[in-house]
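All values derive from a computational prediction rather than experimental measurement.
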Amino acid sequence: MKISFIGGGSHRLLSILRGAMGIPEILDGGEIRLYDLNNKRAETMVAMLRKTPEYVEIKCDITAYSSIEKAIEGVDVVCSIFMAGSQESHAKSIMASLDCNFIGTDNLSPSGSILGVKTGAIVLSLARKMERLCPKAILLNFCNPTAVLSGLVNNYTKIQALGVCEGVNNHRWDLRRILGKDERSMDFDVDAAGINHLCFVIKGTYQNENVFSVIDNAVNGKWKPPEIICVSCNKHLLRNGLRRIVKIYKELGVLLYSGESDGTAHLCYNEVLQEFKQREFVAGADTYARRLRFHSRFSPRKRREMEQTFLQWLTRELDNNFWEKYPAKDIRFRRDNHSVFLQALQGVAKLKRIKMTSSRPNSGAIDGIGERCVTEYSQIIFGNKILSAGKYKIPDVVHGLVDSLAVHQTMLGDAIAVQDPKLLAKAFLAYPVRPYSLEARKLYKRLAKINRSEISKELQSFSEYL
């Protein structure tokens, strides 16, 4: 196979492509093409990939391209894995959202929606290049908000796009933890439907037993989270998330497939909003500049440190001992044998029929939701054929919420495609948390100001329609 990664300097690619190269049938005799606006980062990733034990075992060309057209010409799969705009504007958008009592993230939130506006034009341009240069290729879009962008591409081009998210693996951790152990289990076989980051288990089994019966038995009585042994996670937040999944299951009778907090929040908004505020706001940091300086995720110093810890290994000999032990200290170097990309690539390569949950237009997969509305549901991938794994019904208690989020995200894609600022304003106001309210209008006007220089000229005037 020939695979192209747009955003090819991303450090997470090392673990993803170690996993892909570890299955020779995918890439032996094939190509990995990397393109990044910062070509030096792509060249660095090429050099690091060539040091891996998996690369040594297969015959595979790995090349960094300075031209996006050459990077995608004639390939079988294009993977988009980047964030548009600056880290500063994204951080300010998150903080503005929290200031206005809305959750701020890169996905299912007002700040996620404005990120989609900035990223959407780039992804749409990529898909239109694919129509000319690799028309049969599948686009695996990892950029957030992935549902908005996959809906945009499928509805406005001839390219088949899947919105992929690592949340497809969350249930294997979360449900196993609910059953009592802090480990991933591959014994879950479930079908899911909903919206990205707010998706629900519709049916399935665990070790050949009905998954709902197994969960019922586990949460009866005084359930509590298991001991968390993972050293790379925030244990307090993880335990809170598990408690929330169980609470929602007991109260609403719906079992979350993927428990990302910005999705779960829509079922208990005020509670999660307060947690976000405690986590995101640094004590005493009462201006954007001070918040950005103290906030580790957006700190320029922290990002430079992470860059240096990655680059330090570029000029050293890395033996098997390094690849076996060092990833425990730095997960960027691990081999990911379960990534969403690896699952999709096995299906496209026809190694086996892959059932995975991803975002696409509904096309009749979920009852009661518009055909072209972007939703997330279990799909079968085999070669260039992508089909719904079943016909699904969202539980009534959450159907309206899922439908309104699907409409909101589809409207965003429509506004981006036709570059209509009035439609974009309507899409923002249709977000189903305090929709059409004065608070929402105030926030979106702030987001317009923060992100003005990174939004197309045609859409910059959307705030005039709020």
Side-chain angles (χ1 to χ4, degrees), residues 1-84 122-123 125-143 159 161-162 164 307 310-318 322-323 332-337 339-346 348-351 384:
M1 289 181 67
K2 297 179 181 179
I3 306 170
S4 177
F5 281 86
I6 310 303
S10 171
H11 288 174
R12 72 165 62 225
L13 277 185
L14 183 60
S15 63
I16 291 169
L17 286 173
R18 283 193 67 194
M21 289 188 293
I23 302 178
E25 293 86 349
I26 295 177
L27 280 166
D28 204 2
E31 292 182 47
I32 297 171
R33 303 180 186 181
L34 305 183
Y35 171 81
D36 199 285
L37 287 176
N38 185 338
N39 189 245
K40 186 176 180 181
R41 284 181 64 92
E43 290 175 343
T44 296
M45 185 55 60
V46 168
M48 197 68 81
L49 285 166
R50 288 175 177 169
K51 289 176 172 287
T52 63
E54 292 79 17
Y55 174 75
V56 173
E57 296 296 322
I58 65 172
K59 294 179 180 179
C60 173
D61 291 333
I62 307 179
T63 310
Y65 284 80
S66 58
S67 162
I68 192 169
E69 287 82 3
K70 290 182 179 178
I72 68 172
E73 186 174 9
V75 300
D76 303 295
V77 180
V78 176
C79 305
S80 52
I81 181 169
F82 60 86
M83 189 188 84
I122 301 171
V123 172
S125 174
L126 170 62
R128 287 175 173 158
K129 287 181 174 69
M130 290 174 64
E131 287 180 312
R132 292 188 291 107
L133 300 168
C134 53
K136 295 183 179 179
I138 290 174
L139 174 62
L140 300 179
N141 175 64
F142 193 76
C143 306
I159 296 300
L162 285 177
V164 296
E307 187 78 13
F310 190 84
L311 292 175
Q312 68 176 317
W313 302 107
L314 199 59
T315 57
R316 304 188 191 185
E317 292 293 328
L318 306 180
F322 170 87
W323 292 107
R332 292 175 295 178
F333 287 80
R334 71 189 174 104
R335 171 172 161 174
D336 191 343
N337 293 319
S339 80
V340 65
F341 284 107
L342 184 57
Q343 294 175 50
L345 291 174
Q346 289 181 84
V348 176
K350 294 186 176 181
L351 301 188
N384 284 333

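Considering only heavy atoms from C-beta on, Ile159 stays 4.5 Å or farther from Leu126 through its side chain. Contact annotation: the side chain of Val348 never approaches that of Ile26 to less than 4.5 Å [non-hydrogen atoms, C-beta and beyond]. Side-chain contact between Trp323 and Arg18: present, with at least one pair of heavy atoms (C-beta onward) separated by less than 4.5 Å.
Closest approach of Ala349 to Met1, counting heavy atoms only: CB-SD, 3.3 Å. The nearest pair of heavy atoms linking Leu314 to Lys51 is O-CE, 2.8 Å. In this structure, Gly19 and Leu342 approach most closely via the heavy-atom pair O-CD1, 3.8 Å. Taking each heavy atom of Leu345 and Ala20 in turn, the nearest pair found is CD1-CB, 4.3 Å. Looking at every heavy atom in both residues, Leu318 comes nearest to Met48 through CD1-SD, 4.4 Å. When all heavy atoms of Asn39 and Ala64 are compared, the closest pair comes out as ND2-CB, 4.3 Å.
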- Quick one: do Glu307 and Arg41 satisfy salt bridge (Lys or Arg N to Asp or Glu O under 4.0 Å)? Show the steps, please. CA-CA 10 Å; Glu307 187 78 13; Arg41 284 181 64 92; 2.7 Å; yes

- Query: When you look at Leu13 and Leu34, which way does the side chain to side chain contact (heavy atoms under 4.5 Å, CB included) test go after all the steps?
  - Reply: CA-CA 10 Å; Leu13 277 185; Leu34 305 183; 4.1 Å; yes

- Task: Carefully, step by step, assess Asp36 and Ile6 under the rule side chain to side chain contact (heavy atoms under 4.5 Å, CB included).
- Result: CA-CA 6 Å; Asp36 199 285; Ile6 310 303; over 6 Å; no

- Evaluate the side-chain hydrogen bond (donor to acceptor under 3.5 Å, both in side chains) criterion for residues Lys40 and Thr44: first the C-alpha distance (whole Å), next the side-chain angles of each, then the deciding distance (0.1 Å), finally the verdict. CA-CA 6 Å; Lys40 186 176 180 181; Thr44 296; over 6 Å; no

- Task: Carefully, step by step, assess Arg332 and Arg12 under the rule side chain to side chain contact (heavy atoms under 4.5 Å, CB included).
- Result: CA-CA 6 Å; Arg332 292 175 295 178; Arg12 72 165 62 225; over 6 Å; no

- So Thr63 and Val46, side chain to side chain contact (heavy atoms under 4.5 Å, CB included) or not? Walk me through it. CA-CA 6 Å; Thr63 310; Val46 168; 5.8 Å; no

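Below 30°, between 30° and 60°, or above 60°: for Phe322 and Trp313 the angle between ring planes is between 30° and 60°, a tilted geometry.
Interatomic distance, SG of Cys60 versus CZ of Arg50, reported as 9.5 Å (0.5 Å rounding). Note: Ile16 CD1 to Asn337 CG = 12.5 Å, rounded to the nearest 0.5 Å. Separation of atoms CD (Gln346) and CD1 (Ile23) is listed at 4.0 Å; rounding is to 0.5 Å. Annotation: the span from Leu49 atom CG to Ile62 atom CD1 amounts to 4.5 Å, rounded to 0.5 Å. Here CE of Met45 is found 10.5 Å from CZ of Phe5. Values are rounded to the nearest 0.5 Å. Distance CD1/Ile58 to CE/Met21: 6.0 Å, rounded to 0.5 Å.
Within a 6.0 Å radius of CD in Gln312, other residues, nucleotides and ligands contribute more than 12 heavy atoms.
Not one N or O on the side chain of Arg33 forms a donor-acceptor pair closer than 3.5 Å with the backbone of Ser4. Ser10 contributes no side-chain N or O that, together with a main-chain N or O of Gly7, makes up a donor-acceptor pair within less than 3.5 Å. Checking side-chain atoms of Asp336 against main-chain N and O of Ser339 turns up a donor-acceptor pair under 3.5 Å. Between the side chain of Lys129 and the main chain of Ile68, no donor-acceptor pair closer than 3.5 Å is present.
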Give every donor-acceptor pair under 3.5 Å between a side-chain atom in residues 71-84 and any protein atom, sequence neighbours left out.
| from | atom 1 | to | atom 2 | distance (Å) |
| --- | --- | --- | --- | --- |
| Asp76 | OD2 | Lys2 | N | 2.8 |
| Ser80 | OG | Asn141 | OD1 | 2.7 |

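Aromatic pair Phe142/Phe341: centroids less than 6.0 angstrom apart.
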